[in-house]
J.: 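Quick one: structure below, then a few questions.
First the proteins, then the strands, lettered A, B, ... as listed; each starts at 1. Not measured: the values here are computed from a predicted model.
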2 protein chains.
Amino acid sequence: MSTRTAKSRSPAAPPETAADAIPGTDAGRLTMADLAARAQVSIITVSRALRDSPSVREDTRRRIQDLAREMGYRFNATARNLRLQRSHTIAVVVDMKPTPERPMSGPFPLDLLGGICQELTTAGYNVLLTTGQSQPAAAVHAADGAILLGQGADDTAVRQLLPIGVPLVVWGAPQPGVDPVFVGSDNHQGGALAAARLVETGRRRLVFLGDTRHRENAERLHGFTETLASAGAVLAALVPCDFTFNAGVAAVQGLLADASGGFDGIFACSDAIALGAMRALTEAKLTVPDDVSVIGYDDTPMAAFHTPALTSVHQNWTEGGVRLAQSVLALINGEHPDSVILPTRLVVRAT
Amino acid sequence: MSTRTAKSRSPAAPPETAADAIPGTDAGRLTMADLAARAQVSIITVSRALRDSPSVREDTRRRIQDLAREMGYRFNATARNLRLQRSHTIAVVVDMKPTPERPMSGPFPLDLLGGICQELTTAGYNVLLTTGQSQPAAAVHAADGAILLGQGADDTAVRQLLPIGVPLVVWGAPQPGVDPVFVGSDNHQGGALAAARLVETGRRRLVFLGDTRHRENAERLHGFTETLASAGAVLAALVPCDFTFNAGVAAVQGLLADASGGFDGIFACSDAIALGAMRALTEAKLTVPDDVSVIGYDDTPMAAFHTPALTSVHQNWTEGGVRLAQSVLALINGEHPDSVILPTRLVVRAT
DNA sequence: CCATCGAATGACATCGATAACAACAGTGGC
DNA sequence: GCCACTGTTGTTATCGATGTCATTCGATGG
């Protein structure tokens with residue numbers, strides 16, 4: 001037979017006994033060569049049979065497939081990837097701030113990850129997860145493509161990843177320099193929706209809470225002020241703050257201390273900020289929404305379950321994940337997908 | 001030189017020009033053979049030099065390393081993995097229920113994933129993420145180890161994963177059959193802490209809200225009733241329910257409708273249930289915590305930011321992720337780590 | 001009865017990196 | 001001056017699967 005027939009794993013014991021392949025026994029993984037020897041065919045025939053190649057006769061194919069199942073054969077993806085020069089793997093780089101306190105509590109990467117996994121695994125790709133902490137390079141190098149999930153105000157991560165030369169898709173707001181493909185939700189629209197709602201309910205002096213160094217927040221502010229202006233309302237204050245509850249508290253406390261004309265509506269860049277703001281308002285004996293109306297962002301469970309229930313801008317993360325995945329796949333296929341901007345919607349509740 | 005010298009990527013163009021290696025240009029990835037030809041040494045010397053082998057002379061090593069950097073050489077992990085018979089990859093199987101409505105919103109896998117990534121990447125391992133939806137098998141086969149993150153009441157996932165023969169660690173409550181290694185937080189203690197607190201604050205007729213088909217919940221119930229009994233309080237009711245807000249509402253509504261003696265304390269298996277319960281109580285004109293005291297589980301942001309702020313049992317997920325990672329690593333090294341049970345703590349707030 | 005064609009199968013080289021062993025130069029001891 | 005020894009580099013085989021080209025066999029046609 002083949003020259004490799006003799007090279008069986010257990011030289012002493014008879015390798016033909018099916019007992020060799022007790023599932024769970026890791027002793028010497030089976031290879032196609034083992035199957036080939038057993039089935040009295042060549043290795044390549046086994047390879048073809050297992051891939052359902054039409055050039056293998058029906059019964060031969062079935063015989064080999066059955067044999068593989070019986071013997072507990074496990075396919076070696078590494079070998080195939082080497083041979084085929086592709087890893088069938090997409091690196092997902094989660095570039096979260098190393099802030100210890102509530103670094104990234106939102107559903108952010110979770111639902112996004114869900115969407116990504118769903119799409120990628122059904123397409124036969126693996127998802128390699130890395131945090132930006134260490135050098136993501138190592139993992140990304142080996143991948144067929146990469147997805148960057150960051151909330152960074154800066155774009156250092158993008159700059160690190162781009163030169164690697166792997167197809168890259170980034171979650172967030174498209175940048176002026178159009179280099180990588182972006183997928184994100186429509187922050188401009190989100191801001192506009194919030195503004196429209198606040199104006200509709202009769203508010204005229206509005207506050208924006210969020211760090212506009214984040215491109216996404218800058219977009220929200222843009223949509224927000226644009227809509228305000230066209231409705232004759234004014235932006236009473238813009239307070240840069242983190243995405244946290246405490247930042248929201250502090251921001252509103254500062255606002256109340258500084259008696260610069262007052263305000264009757266707040267748009268916060270996260271539900272946590274919004275809840276913090278409401279806490280500060282309540283402590284100052286102001287009621288929501290009678291005295292001040294509040295709108296949050298992200299539509300997290302805590303918005304829904306809070307009393308009073310928080311009105312919030314909802315972004316469809318799962319869909320976002322799916323689109324991210326589709327875009328990398330497209331890039332890998334040599335296509336040139338456009339950046340995607342997903343619509344947001346306002347979930348109106350009590351505030 | 002070596003026989004491979006002639007086998008350059010671009011046969012027409014002179015392959016010696018460094019301009020070939022513009023970073024970002026993916027044209028024909030460089031291999032160690034290319035570096036070897038360029039440096040006038042053998043491939044194996046390049047391999048050794050790049051791995052900082054002491055058997056390569058200091059200056060040779062540096063020369064090759066510099067050359068690799070200049071030419072933009074990118075290491076091929078697949079080839080090494082094939083040769084070394086290990087993938088340096090751990091599969092993380094997230095076996096979440098496909099329930100569309102808030103399938104898994106808690107920080108659950110996110111912080112857990114964070115801990116896992118942190119530990120695994122610093123140990124030089126990659127994290128392969130798969131959802132239980134499709135057959136996780138494919139990815140797990142290629143991995144050196146696997147971590148199962150599930151909330152399943154059943155253990156079908158474990159049963160699927162175990163026979164694959166890959167070192168497996170599972171998040172959750174240890175099972176009677178001691179087969180896989182478990183890492184989880186001390187649910188028994190969590191239940192006991194909640195009971196102790198409720199009893200301390202003078203409650204005597206208590207309600208347990210949660211589906212005890214989940215092993216973790218069963219443990220909580222066990223610790224809960226045990227402590228109750230020793231303090232002379234009674235379990236007034238046990239209502240099986242999902243982890244959702246709505247389930248909490250429904251459970252308490254049912255309880256109030258059915259006038260079977262009343263209750264003055266509730267222990268819920270998730271913060272969402274607890275919040276739902278409070279909503280139902282409030283709607284029934286009962287006040288928290290004066291009429292009924294409530295304790296939740298998971299210490300999510302929504303517990304902290306709710307008014308009144310919800311007392312909740314906290315589990316350290318990041319730590320859990322780290323321990324999960326450590327356990328797989330230990331298994332891979334042929335050690336036999338014990339299951340780990342992490343302590344929980346009660347975060348006392350207003351309710 | 002031989003040429004030809006197609007279906008089925010096989011031999012070989014290959015992907016890129018590495019372990020095991022071989023070879024070779026220079027050094028010191030006797 | 002010869003041998004053993006160390007330090008450095010090279011040769012070869014190998015991991016497991018697959019593309020390419022070659023081969024075999026039976027069937028068909030002239």
J.: Would you give the length of the straight line joining atom OH of A:Tyr73 to atom CZ of A:Arg38, rounded to the nearest 0.5 angstrom?
T.: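 Rounded to the nearest 0.5 Å, the OH-CZ separation comes out at 15.5 Å.
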
J.: Measure the distance from CD on B:Gln85 to P on C:dA17 and round it to the nearest whole Å.
T.: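 Rounded to the whole Å, the gap is 17 Å.
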
J.: Looking only at the side chain of A:Ser55 (C-beta and beyond, no hydrogens), which of the listed nucleotides D:dG16, C:dT9, C:dT18 gets closest?
T.: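 Of the candidates, C:dT9 comes closest.
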
J.: What is the distance, rounded to the nearest whole Å, between atom CZ of A:Arg61 and atom C1' of C:dT9?
T.: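 Distance, rounded to whole Å: 14 Å.
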
J.: Could you please name the option among D:dA17, D:dT11, C:dA17 that lies closest to any side-chain atom of B:Ser42?
T.: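 The answer is D:dT11, which lies nearest to the side chain.
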
J.: Contact class for B:Thr60 (heavy atom, under 4.0 Å): base, sugar-phosphate, or nothing?
T.: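 Sugar-phosphate only.
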
J.: By the 4.0 Å heavy-atom rule, please label B:Val56 as base, sugar-phosphate, or nothing.
T.: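 Sugar-phosphate, backbone atoms only, no base.
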
J.: Would you please test A:Leu149 and A:Val170 for side chain to side chain contact (heavy atoms under 4.5 Å, CB included) and show each step?
T.: CA-CA 6 Å; A:Leu149 265 35; A:Val170 182; over 6 Å; no

J.: Measure CZ/B:Arg86 against C1'/C:dT18 and give the value in whole Å, please.
T.: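 Answer to the nearest Å: 11 Å.
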
J.: List the steps, then state whether side chain to side chain contact (heavy atoms under 4.5 Å, CB included) holds for A:Arg86 with A:Asn81.
T.: CA-CA 5 Å; A:Arg86 54 150 167 59; A:Asn81 288 341; 3.9 Å; yes

J.: May I ask you to test the A:Thr31-A:Ile43 pair for a side-chain heavy-atom distance under 4.5 Å?
T.: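 Sidechains of A:Ile43 and A:Thr31: no contact.
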
J.: Are A:Leu112 and A:Leu324 close enough that some pair of their side-chain heavy atoms sits under 4.5 Å apart?
T.: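 Side-chain contact under 4.5 Å: yes.
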
J.: Strictly under 3.5 Å: I want the nitrogen or oxygen pairs between protein and nucleotides 19-26 of chain D, one per line.
T.:
from   : atom 1 : to      : atom 2 : distance (Å)
D:dG19 : OP2    : A:Arg51 : NH1    : 3.1

J.: Please round to 10 degrees the angle between the axis of the first five pairs and the axis of the last five pairs in the helix from C:dC1-D:dG30 to C:dC30-D:dG1.
T.: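 Roughly 60°, once rounded to the nearest ten degrees.
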
J.: Just how far, in rounded Å, is P of D:dG16 from CG of B:Leu82?
T.: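 Taking CG of B:Leu82 and P of D:dG16, I get 7 Å after rounding.
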
J.: Restricting to side chain to side chain contact (heavy atoms under 4.5 Å, CB included), what partner residues turn up for B:Ser87, sequence neighbours left out?
T.: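 Side chain to side chain contact (heavy atoms under 4.5 Å, CB included) list for B:Ser87, sorted by chain: B:Thr89, B:Asp144.
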
J.: Just how far, in rounded Å, is C1' of D:dC15 from CG of A:Asn81?
T.: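 Checked: the CG to C1' distance equals 14 Å.
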
J.: Calculate the interatomic distance between A:Leu30 atom CG and D:dC15 atom C1'; express it in whole Å.
T.: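 Whole-Å distance recorded here is 15 Å.
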
J.: For D:dG16, take OP1 and OP2 only and decide whether either is under 4.0 Å from a side-chain N or O of A:Tyr73.
T.: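 A:Tyr73 to D:dG16 OP1/OP2: no side-chain N or O under 4.0 Å.
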
J.: Using whole Å, what does the distance between atom P of nucleotide C:dA17 and atom CG of B:Leu50 come to?
T.: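 Result: 9 Å.
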
J.: Is the shortest heavy-atom distance from the side chain of B:Ile64 to the side chain of B:Thr45 under 4.5 Å?
T.: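 Yes, at least one pair of side-chain atoms sits under 4.5 Å.
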
J.: Determine whether A:Val340 and A:Val181 make a side-chain contact, defined as any pair of heavy atoms from C-beta on separated by less than 4.5 Å.
T.: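 Answer no - side chains too far apart.
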
J.: For A:Arg80 and for B:Arg57, find the nucleotide of DNA chain D with the closest heavy atom, then tell me which residue's nucleotide is more 5'.
T.: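 Taking each residue's closest nucleotide, the earlier one in sequence belongs to B:Arg57.
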
J.: Tell me, please, which residues at least two apart from B:Arg69 pass side chain to side chain contact (heavy atoms under 4.5 Å, CB included).
T.: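 So B:Arg69 forms a side chain to side chain contact (heavy atoms under 4.5 Å, CB included) with B:Gln65, B:Asp66.
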
J.: Atom CD of B:Glu58 to atom C1' of D:dT8: distance rounded to whole Å?
T.: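 Whole-Å distance recorded here is 14 Å.
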
J.: Around A:Arg62, counting heavy atoms of other residues, nucleotides and ligands shown, do more than 12 lie under 6.0 Å from its CZ?
T.: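 For A:Arg62, atom CZ is not crowded (no more than 12 foreign heavy atoms under 6.0 Å).
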
J.: If you measure from CD on A:Glu70 to CG on A:Leu35, what distance do you get to the nearest 0.5 Å?
T.: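 Reported value, rounded in 0.5 Å steps: 10.5 Å.
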
J.: Looking at C:dG10, D:dC15, C:dA17, which one has an atom nearest to any side-chain atom of A:Thr45?
T.: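 Closest nucleotide to the A:Thr45 side chain: C:dG10.
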
J.: Heavy atom of residues 62-69 of chain B under 4.0 Å from DNA chain D: which residues?
T.: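 Per residue number, the list is empty: none.
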
J.: In chain order, what residues pass the salt bridge (charged side-chain N to carboxylate O under 4.0 Å, His left out) check against B:Glu335, with sequence neighbours excluded?
T.: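 Once residues adjacent in sequence are excluded, B:Glu335 has no partner under the salt bridge (charged side-chain N to carboxylate O under 4.0 Å, His left out) criterion.
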
